[in-house]
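Letters A, B, ... mirror the listed sequences (proteins, then strands); counts begin at 1.
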2 protein chains.
Amino acid sequence: MNESPAPRPATVADVARAANVSKAQAARALGGYGAVSEPVRRRVLDAAEELNYRPNALARSMNTGRSQTIGVVIAEVENPFFGLAIRGASDVLRRHGYDVVLANTDERTDAEEDAIRVMLDKRVDGIIASPADADATAHLSAAMAAGSPMVFLDRHVPGMEVDSVEVDLRRLAGQATAELLELGHRGIGFISAVQAPSDVYEPGMTLPNSSVADRLGGILDAYARAGIEPDPRWMRLNAKAPETIRAATQALLDLDDAPTAIIASDSMVGLEVLKVLRERSLRVPEDVSFLMFDDMAWSPLVDPPITVLSQPAYDMGVAAATALLERLRGSSTPPCRRVLEGEMIRRASVAPARAAVDEAPSMVGGTAVR
Amino acid sequence: MNESPAPRPATVADVARAANVSKAQAARALGGYGAVSEPVRRRVLDAAEELNYRPNALARSMNTGRSQTIGVVIAEVENPFFGLAIRGASDVLRRHGYDVVLANTDERTDAEEDAIRVMLDKRVDGIIASPADADATAHLSAAMAAGSPMVFLDRHVPGMEVDSVEVDLRRLAGQATAELLELGHRGIGFISAVQAPSDVYEPGMTLPNSSVADRLGGILDAYARAGIEPDPRWMRLNAKAPETIRAATQALLDLDDAPTAIIASDSMVGLEVLKVLRERSLRVPEDVSFLMFDDMAWSPLVDPPITVLSQPAYDMGVAAATALLERLRGSSTPPCRRVLEGEMIRRASVAPARAAVDEAPSMVGGTAVR
DNA sequence: CACCCCAATGAGACCGGACTCACTCCAGTT
DNA sequence: AACTGGAGTGAGTCCGGTCTCATTGGGGTG
């Protein structure tokens, strides 16, 4: 029963020999191209079956130039937002015969450069990426130049003409902020994981990715529209690890003009903020209003149910994959930014600001403002 | 400025030509093997730099036989448990120069067969898989036979001698059930996504994966040890999609001898169960005690904080990758099941059974039993 | 000074498919 | 009957690396 240790797989040549035809004929029969007589086709196919022949995808890629593989370069698989997006992309791609190679960058440019390099070396047919830093894009341009179509997911890079799939985060953030302002909140905290030169936002500071820049931009927009001057110290960056998120939250709460509402830039940040609030025995929304980006399955179940700015993560993955497939099909229409709609889902974590409690109607329970 | 559209990448031959040496010499200098004089090495390396030479990983794989790629075949990336495990594996693998190809199976055997086939065709050096069905393993054996070392994640397949990384789920489930029994619960519901011939467990039924079989086994163990006969109708299977999970929960609650406690087989099931409980205005843990497998970041934050049976998902991924690397290094020690320790984290979703409320001490607030 | 050894080098085989080219038949034209 | 055309076929090249093998030449040894 114990066969030779590694009965290495049959090749076209093996099949050809078994079928008593030339390698070329066997390849034709197997590949379904060129002219092959019925009897030969039968013999070859039977022999292949018999030998359990499977084409070597590597060899095939060598001279077709295509590998039927798409590289996905994102910050972190374990972030449910990206997890879902990957799933969306992966579903579409597989349906079209493509496989997915994955790389995590942790938002580090060097890791991203590495990843892109590897993808190129492996001759992926295309790349889906969430560029970590809009200012370090040489490797991305290199990938494009090498002929690998690319689609940006969740972000775009100003000045780079590349397809992208995003959500109208600026509008969404603006809307949420406007509602908070209307509820009497003046200090609105914002905590994000983006890497920035300082932990506190400084006017005019440029952020490495559009995704967070838009969130913050939307908030500032709303302040501007309301004619109110926000305190930059309310905007906290560099909060990626649990400890730094905690520190940022603490810092916010310890401010003399501490914000009465907090917006978390994503669900992972949000979770940690909530923990700190709970530890400090601050009630949400009575003491502090809270909302976050990304609607997670658990957001309606925590206490209180969280008001969120939802992004269609799965659909974003689908859209990115679809756009990429379009490029692979040879489309050369100008690069296009696809902006999907996000949605503010009002639950119970937002209420009128403490001091304004008499002026505005209650927001508890998910009643819409206005 | 606009160069030729696809200035296809430089090859060893190009570099050799530029450096005025033979292809063989260039290859030696580039690959760092064989004997190469210093001046030649310089010239070649400079030329490579100049031409921006990058070796074609495909071509390399063709004759080394190794692709520096590991296939990961799991049910679903978007399940945070697998997401974290993938991250763990991916971190270790990348550190050792391997890349990861991903495939989702949705627990469907046909998708799994497909995925494995593709991996083999791409000549992955090894495979990490969570086999969907312990009875349909021909393709897995084929992979082993083809010389691809494999490691099972989260599951093992009885009768297949393959490395695996698991958690002592049976003990964990047994412990949890024992505590529930001690708290006076007699009816303990169990809801799982496993595919089974019927939606209700039937004694002697074999389940397709060890992971769920162990969970259920542990529960039955505890019943047996306590000398109590469980009602098989308390054990609900086939609850994968939100609707089926809801239906299973409803069915459980509508039973004449409805369980007073529910164990969810994973966090995605748990979330849906919680929603149904909430809709029915059933209080946790006053009306129904609840606990679930997998500790998610949100489990302490929902209302009430959820008691969980935690699995070290990230570490499991790390362990699986480590085991695989060991095999790739040529180790031929007998296959080994690595069993990591899970942990019961007691929070506030478990309390004494209604009828037994006078006999047992309160469990609210995370106090351990006994 | 003849001899040996080995560093240094180039030519070319090879991995496993995809594909080109040249050649053979034979049916269909004219 | 000579001629065209395309189906059917095999030999062989190519993709871009890795690696074997044979050859060269200079330094060390007896």
Side-chain angles (χ1 to χ4, degrees), chain A residues 6-45 47-48 51-69 118 120-125 146-147, chain B residues 6-45 47-48 51-69 118 120-125 146-147:
Chain A
R8 71 156 188 6
T11 71
V12 202
D14 296 330
V15 174
R17 208 169 308 122
N20 255 313
V21 295
S22 70
K23 205 181 66 161
Q25 259 333 64
R28 278 189 267 255
L30 259 8
Y33 63 95
V36 183
S37 68
E38 197 43 40
V40 167
R41 159 170 285 114
R42 271 256 66 77
R43 283 216 311 282
V44 171
L45 262 29
L51 295 174
N52 198 12
Y53 169 78
R54 296 251 74 218
N56 181 328
L58 260 38
R60 172 176 292 157
S61 298
M62 280 255 355
N63 41 16
T64 59
R66 287 167 300 103
S67 60
Q68 296 298 102
T69 303
V118 169
L120 258 29
D121 291 354
K122 283 206 198 284
R123 299 295 188 269
V124 295
D125 294 340
Chain B
R8 69 149 188 12
T11 70
V12 198
D14 295 330
V15 175
R17 208 170 307 123
N20 255 314
V21 295
S22 70
K23 204 180 69 162
Q25 262 327 69
R28 278 189 268 257
L30 258 9
Y33 63 93
V36 182
S37 68
E38 197 43 39
V40 168
R41 155 169 290 115
R42 272 257 63 79
R43 284 216 311 281
V44 171
L45 262 30
L51 294 174
N52 197 11
Y53 168 78
R54 296 251 71 219
N56 181 327
L58 259 39
R60 171 176 291 160
S61 297
M62 279 256 353
N63 39 19
T64 58
R66 288 167 299 102
S67 60
Q68 297 298 101
T69 302
V118 170
L120 258 30
D121 291 353
K122 283 206 198 285
R123 298 296 189 270
V124 296
D125 294 341

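Of the candidate nucleotides C:dG10, D:dT9, D:dG16, D:dG16 has the atom lying nearest to any side-chain atom of A:M62. Out of D:dG16, D:dG8, C:dG16, the shortest distance to the side chain of B:T11 is found at D:dG16. When distances run from any side-chain atom of A:R60 to the nucleotides C:dA18, D:dT18, D:dG10, the shortest one goes to C:dA18. Counting only heavy atoms from C-beta on, B:S22 has its side chain closest to C:dG10 among D:dG16, D:dT13, C:dG10. Distance from the side chain of B:Q25 is smallest for C:dT9 among the nucleotides C:dG12, C:dT9, C:dC21. Closest contact between the side chain of B:A24 and the listed nucleotides C:dT9, C:dG16, C:dG10 involves C:dG10.
Counting heavy atoms from C-beta on, the side chains of B:K122 and A:T69 come closer than 4.5 Å. For the pair B:V21 and B:R43, the minimum side-chain heavy-atom distance is below 4.5 Å. Residues B:Q25 and B:V44 are not in side-chain contact: their nearest non-hydrogen atoms beyond the backbone lie 4.5 Å or more apart.
Salt bridge present: A:R54 and B:D121 bring a charged side-chain N and a carboxylate O closer than 4.0 Å.
We find that CG of A:L51 is positioned 15 Å from C1' of C:dG16, with the value rounded to whole Å. Atom CG of A:L58 is separated from atom C1' of D:dC14 by 17 Å (rounded to the nearest Å). When the P atom of C:dG16 is taken as reference, atom NZ of B:K122 falls 18 Å away, rounded to whole Å. Spacing between atom CZ of B:R66 and atom P of C:dG16 amounts to 15 Å, rounded to whole angstrom units. When rounded to the nearest whole Å, the span between CZ of A:R41 and P of D:dA7 equals 13 Å. Taking atom CZ of B:R17 as the reference point, atom C1' of D:dG17 lies 15 Å away to the nearest angstrom.
An OP1 or OP2 oxygen of C:dA8 is reached within less than 4.0 angstrom by no side-chain nitrogen or oxygen of B:Y33. When the side-chain nitrogen and oxygen atoms of B:S37 are compared with OP1 and OP2 of C:dT9, one or more of them lie within a distance under 4.0 Å.
Comparing A:G34 and A:K23 along DNA chain D, the residue whose closest nucleotide (by nearest heavy atom) sits nearer the 5' end is A:G34. Nearest-nucleotide positions on DNA chain C place B:N20 closer to the 5' end than the other of B:N20 and B:A59.
Among the atoms of the strands shown, none is found under 4.0 Å from any heavy atom of A:R123.
Side-chain atoms of A:R28 and base atoms of D:dG10 include a donor and an acceptor less than 3.5 Å apart. Interface remark: the B:N56 side chain does not form any donor-acceptor pair with the D:dG17 base, using a distance-only criterion of under 3.5 Å.
Nearest heavy atoms, A:A48 versus A:L30: CB-CD1, 4.0 Å.
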